[in-house]
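Beneath this line is the structure, given in structure tokens, with notes to follow.
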Protein chains: 2
Amino acid sequence: MANEAGGGTRRTRAERSDSVRNRERLLVAARALFATDGLHAPLDRIATTAGVGPGTLYRHFPTRLALWEAVLEEPLRAQLDLVERALANPDRWTGLAGYLLETCAHEAERGGYLNLMTTRFDGAPRLSELRRQIQRRIVELISRARTEGVIRPDFTTEDLVFLTLSNSRVAEVTRDVAPGAWRRNAELFLDSMRPERAHPLSQPPLQPSEVALTMTRPAPRKPLSEED
Amino acid sequence: MANEAGGGTRRTRAERSDSVRNRERLLVAARALFATDGLHAPLDRIATTAGVGPGTLYRHFPTRLALWEAVLEEPLRAQLDLVERALANPDRWTGLAGYLLETCAHEAERGGYLNLMTTRFDGAPRLSELRRQIQRRIVELISRARTEGVIRPDFTTEDLVFLTLSNSRVAEVTRDVAPGAWRRNAELFLDSMRPERAHPLSQPPLQPSEVALTMTRPAPRKPLSEED
DNA sequence: CTCTTAACGGAGGCATCACTCCGTTAAAGT
DNA sequence: ACTTTAACGGAGTGATGCCTCCGTTAAGAG
């Protein structure tokens, strides 16, 4: 009640214009460098690119995670949108297949954001919550497709995540040379999901506890490689 | 004629025992650290692990590439063996499927050696030559399987390499939690290769020039990730 | 226009890693 | 045992990246 915007005993000072501007610049720079150089792009370089000193970066985003939180929320929401639209599709197969391809496309574009779905964001509750929501929808997506028989009965949610994860490596390797090459690979994956082609799998699906661990592994140190 | 072992005007000095011993120690340490920490494990740490000074390491292996050359030859030969054995198998499908699974197993074990087949080794002619040999056999393996109709007709050599590449990511992510989980993924891949009821692929195979570029990308900077 | 103060930014400390130089050690030949 | 000399190893240099401290600047309020 006290100290609210404009109503307290002590007025909250308005945010300084340069502060707002710098924050925005930092986010732009971070988005760019995360995409090209990965989620561990040098912070000093992000600051330089934004045209501010390192001190300013750390004032706005005390940790790398804070910066991730600010930058990654949008792509995660986009991902959530993707699942929602897949769920809305009455044709289960088309919905699911479209989801896989679009997710792969999503990751192929933003090379640096690779594997958002399997990256741990401890200390970034908003991101963690988003990831949880997305995963819930994927479970739904798979279970519906399975009950309607458009995918093989032994196919699980984790299998799907692993397929997108798998494809991200191909996207990573081919992005400079043949930017669309991942699609062919992903379409092969689609055929591996179909019920009429299924052969028994020797390996049982992961235990729930294993899934939890695997899906929340720490963020990769250096997802992309450069010259040698 | 002159200066040969024992026959020249000036005798070639025999190799010092400590030199041989240290070289061996360095190789042991390098093998271990490459496997656990990736092909870019700190050289100083390799030296320390081997119980020698950094100077000694650089004397034996002036560049990181020289160390790779010494360490990676054996696994590449093993890989060559794998293809040979697959080719020797009269049952084309079993041979090919076995090759895929064993290759994936191979990469899953030696996490640090990931994607030997798509890593460039400029300046290491022996490794490059080995890789070329392996690739030639794979082409043979695929073409035989295709003409005998045990795989889909639109499946190419690069598709196979990309599948193993894909799976390596899964192996990487699951190795600590569920070391065998990659196999399920790889078996899904097998189903995507089968000829029956294959669905058309929208993307044409890579151009030979694109293949060459993709298959010889620089070695990854930090293949593995640790705590965060 | 003046004052207050938050925001700025960069110099610099610390850690890691690649790589070298050189005084010391000890292996091998006599 | 003595000599020669290759091999040793670690201190040291430079580069990179993380992060902080603090003197300076300028935004916003009055």
Side-chain angles (χ1 to χ4, degrees), chain A residues 5-6 8-27 29-30 33-34 36-68 112 219-228, chain B residues 5-6 8-27 29-30 33-34 37-68 123 218-228:
Chain A
T9 52
R10 194 182 287 241
R11 281 196 49 73
T12 322
R13 195 175 270 278
E15 225 175 340
R16 272 176 60 161
S17 58
D18 55 349
S19 174
V20 185
R21 179 168 38 82
N22 281 335
R23 188 189 151 86
E24 201 44 51
R25 281 185 186 175
L26 281 167
L27 287 177
L33 288 183
F34 283 167
T36 58
D37 298 1
L39 287 179
H40 280 86
L43 294 179
D44 285 20
R45 214 147 81 77
I46 292 179
T48 306
T49 305
V52 305
T56 301
L57 186 154
Y58 281 93
R59 196 171 319 105
H60 284 285
F61 308 102
T63 66
R64 188 182 285 272
L65 185 65
L67 190 52
W68 284 351
R221 277 258 166 261
K222 294 263 182 182
L224 291 184
S225 42
E226 11 255 283
E227 38 47 65
D228 204 49
Chain B
T9 52
R10 196 181 286 242
R11 282 196 47 76
T12 321
R13 194 174 270 280
E15 226 176 339
R16 272 176 58 162
S17 59
D18 53 349
S19 175
V20 186
R21 179 170 37 82
N22 281 334
R23 186 190 153 86
E24 201 45 51
R25 280 186 185 174
L26 280 166
L27 286 177
L33 288 183
F34 283 166
D37 297 2
L39 287 179
H40 279 87
L43 294 178
D44 285 21
R45 214 148 82 76
I46 292 179
T48 306
T49 306
V52 306
T56 301
L57 187 154
Y58 282 94
R59 195 170 321 104
H60 284 285
F61 308 101
T63 66
R64 186 181 287 273
L65 186 64
L67 190 52
W68 284 351
R221 276 260 166 259
K222 294 261 185 183
L224 290 183
S225 41
E226 12 254 283
E227 39 45 68
D228 206 47

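Here the structure is a predicted model, which is why all the values come from computation and not from measurement. Values below: every heavy atom of this structure, side chains too, minus hydrogens, waters and symmetry copies. Naming convention: chains lettered A, B, ... in sequence-line order (proteins, then strands); numbering from 1 in each chain.
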Holding to side-chain hydrogen bond (donor to acceptor under 3.5 Å, both in side chains), I want the full list of residues that pass it with A:R21, two or more places apart in sequence or in another chain. none

From CZ of A:R23 over to P of C:dA6, roughly how many Å is that when rounded to an integer? 19 Å

Could you give the CD1-to-P distance, from B:I46 to C:dT16, as a whole number of Å? 17 Å

Base-contact (B) and sugar-phosphate-only (S) positions in nucleotides 18-30 of chain D, heavy-atom cut-off under 4.0 Å, - elsewhere: BBB------SSS-

Rounded to the nearest 0.5 Å, how far does CG of B:L57 lie from CG of B:L43? 6.0 Å

Starting at CZ of B:F61 and ending at P of D:dC8, how long is that distance when rounded to a whole Å? 11 Å

Check residues 59-67 of chain A and write down every donor-acceptor pair under 3.5 Å in which the side-chain atom is one partner and the other belongs to a residue at least two apart or another chain.
from, atom 1, to, atom 2, distance (Å)
A:T63, OG1, A:L65, N, 3.3
A:T63, OG1, A:A66, N, 3.1
A:R64, NH1, A:L39, O, 3.0
A:R64, NH1, A:A41, O, 3.0
A:R64, NH2, A:A41, O, 3.3

Just to confirm, is there a sub-4.0 Å distance from OP1 or OP2 of D:dA7 to any side-chain nitrogen or oxygen of B:T56? no

A:H60 vs C:dA7: side-chain N/O to OP1/OP2 distance below 4.0 Å: no

Residues forming a side-chain contact (heavy atoms from CB on, under 4.5 Å) with B:A50, sequence neighbours excluded: B:R25, B:L26, B:A29, B:V52

Nearest whole Å is fine: how far is C:dA7 P from A:R25 CZ? 17 Å

Please list all pairs passing the salt bridge (Lys or Arg N to Asp or Glu O under 4.0 Å) test where one or both residues lie in residues 42-52 of chain B, with sequence neighbours left out. B:D37-B:R45

State whether A:N22 places a side-chain N or O below 4.0 Å from either non-bridging phosphate oxygen (OP1 or OP2) of C:dA7. no

Atom CG of B:L39 to atom C1' of C:dC17: distance rounded to whole Å? 17 Å

